There are 2 protein chains.
Amino acid sequence: MKERVNSKDVAKKAGVSQATVSRVINKYPHIRDTTKEKVLNAINELGFTVDQVARSLNTRKTSTIGLLVGDISNSFFAETSKEIISIARSLGYDVMLSNTDHQSDNLKTSLATLIGKRVDGIIVGSVERFDEQIQTLHDSKFPVILYNTRLASGNCNAVVIDNFKGARIATEHLISLHHKKIAYVTLPLNYSTLYERMEGYKQALADSDIPYDPASVYIGEISTQAIENFIDIIMSSPEKCTAVFAASDQIAIKIMEICKSKKIKVPEDISIIGFDNIDLSRSPFIDLTTISQQHIKMSEIAVHNLVNMIENKDMEEENQNASSVLEPQLIIRGSTKVLDK
Amino acid sequence: MKERVNSKDVAKKAGVSQATVSRVINKYPHIRDTTKEKVLNAINELGFTVDQVARSLNTRKTSTIGLLVGDISNSFFAETSKEIISIARSLGYDVMLSNTDHQSDNLKTSLATLIGKRVDGIIVGSVERFDEQIQTLHDSKFPVILYNTRLASGNCNAVVIDNFKGARIATEHLISLHHKKIAYVTLPLNYSTLYERMEGYKQALADSDIPYDPASVYIGEISTQAIENFIDIIMSSPEKCTAVFAASDQIAIKIMEICKSKKIKVPEDISIIGFDNIDLSRSPFIDLTTISQQHIKMSEIAVHNLVNMIENKDMEEENQNASSVLEPQLIIRGSTKVLDK
């Protein structure tokens, strides 16, 4: 392996001062192009880069952002991570990604690792609503921002859509199509996102004087077996369900697959609506009615707000106002239809 | 933000020596559970973690692996990244992920960044076959391993499946179903993976004395417009194609979507086979015949081999033998059928 390259060597090679090297590296404005070229060529010839670890010890800034997601193989997180990495790069930050597998223990070690690596701030896509670790981090004034989720306390900056409203709109869409027996399928409610969607579902029913029926609601892990059993129950009860609202597109697609295997036609026999608007839902093979999270916009805002917090660390107020709530949007596709009388 | 925590403070708090703290942190065997607990509690109480950057400067090891992929929103990379992060964690390594958007310039800056962050080694999932940067890195004895792809020179360690053989098997499957006019759709051939699949397609045709027809082959970027035009051409020529081999499942699914919009039935009007066996291909809505890459196994081997290279850096031979070639496997599903006479 090559010897460690430092800014002194670069300065010598480029025939400029160390301060000039530092200014080029840190992308200061007003540097002549010829000077910039000299420095970058010197860096290139000496090896791959100036030693950013050494630099971090001088400036106490690593220009790295940590990103914690629950499951990178879930389309929602894959699509938002791609966007976050791209926006961060355009702002001069690298991203260190950690996958927690939705485990609180992994969140703990991932946070420890990222902080150990001296990231300048952290973006968190999955955290339980009563989690205390993120709360502690926020309280210690470490730049942290949540996206897609928030803490029950509301104390940490978060970029989310109005999940309560989104779920209400989804349920109201089914009601407007004359459905009255509307099932709901969700993962456990320890994430704010899922908790608020459940509340929105209940509210929409209440607004239309439709009684809430626990037998039409599935709250638990999403396995093929469990969902098959649930579908059997709601389709065979005397007053059978004619529509299902799924807490995410991923769950909705799982339900559609199970319906297909049971020869239950969507939307003829049952209407299905999801939540998230992942790329796949748009496919003509899926064609899922859903609620758009505006997840690309959400990713953008999260990065911009975090970088703002990092770069204006002393502005207390700035940090208090980095939250955003985006508007949900109903996307009507082929998986929902008017109930035949 | 909390003051920087170091192993001296932890040792004091836990009432043990600094060497013991180091042993606990570095997961040495034979440490009493009570001692371990004391140290971990002390770390916990003092802050989030011992300063891993400081540690890295002592041991010259950061226990971090860099991962470079072309597009994290592509299912193949999302699924393999998840596996790589998980395996790396189980071996005590964190992963810093970079998304190159398949741009050579981004590869360059990403490599520079990762090396600047002093990662112990790098796993690369996308690199052009004549790329010189990876070659240079390998020549400098920096631990680097490719997966899914390899260099034309064959000089860098790589974990791949036999792409040539996989493409030959795919094409032979169609030939065995009596198809003779078999189209091929691929991205440009600057990646070894795609280059070798093209060669496999040609070989299978040659083996069965079917002439290679450039008019039945699409090599280029995959846009809806371009694929629509191509499908129109191959379906309207006097000797129209009855089957399509797509260089990846992602491309195959795109073709299936376009066929659906044109009311071309799969597999009745046209058989389609892909390559990769991503999760989605298994969905009953897609049900795509394909070639399994064994991409989970590929990810596992890549991490294990890289860690082996990192931890046995002086063993020259070890580094020369970290390549693996996995066997492709035909997965027959509903998108291919026997040609009606």
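The sequence lines fix the lettering, A, B, ..., with proteins before strands; numbering per chain opens at 1. Keep in mind that this is a model prediction, so the values were computed, not measured. The figures that follow rest on heavy atoms only: side chains count, while hydrogens, waters and symmetry mates do not.
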A:S283 side chain to B:E257 side chain, donor-acceptor N/O pair below 3.5 angstrom: yes
Side chain to side chain, A:D101 and B:K82, heavy atoms closer than 4.5 Å: yes
A:L97 and B:M96, any side-chain heavy atoms less than 4.5 Å apart: no
Option from A:T64, A:V95, A:D94 for which side chain to side chain contact (heavy atoms under 4.5 Å, CB included) with B:T113 holds: A:D94
Among A:S81, A:A78, A:S110, residue most engaged with chain B (heavy-atom pairs, under 4.5 Å): A:A78
B:F285 versus A:K260, closest heavy-atom pair with distance: CE2-CD, 3.8 Å
Nearest-0.5 Å distance, CD1 of residue B:I72 to CD1 of residue A:I72: 4.5 Å
Structural part of A:D139 lying under 4.5 Å from a heavy atom of chain B: neither
Side-chain donor or acceptor of A:R89 paired with backbone N/O of B:N99 under 3.5 Å: yes
Pairs of heavy atoms under 4.5 Å with chain B: top-ranked of A:N106, A:D279, A:I286: A:N106
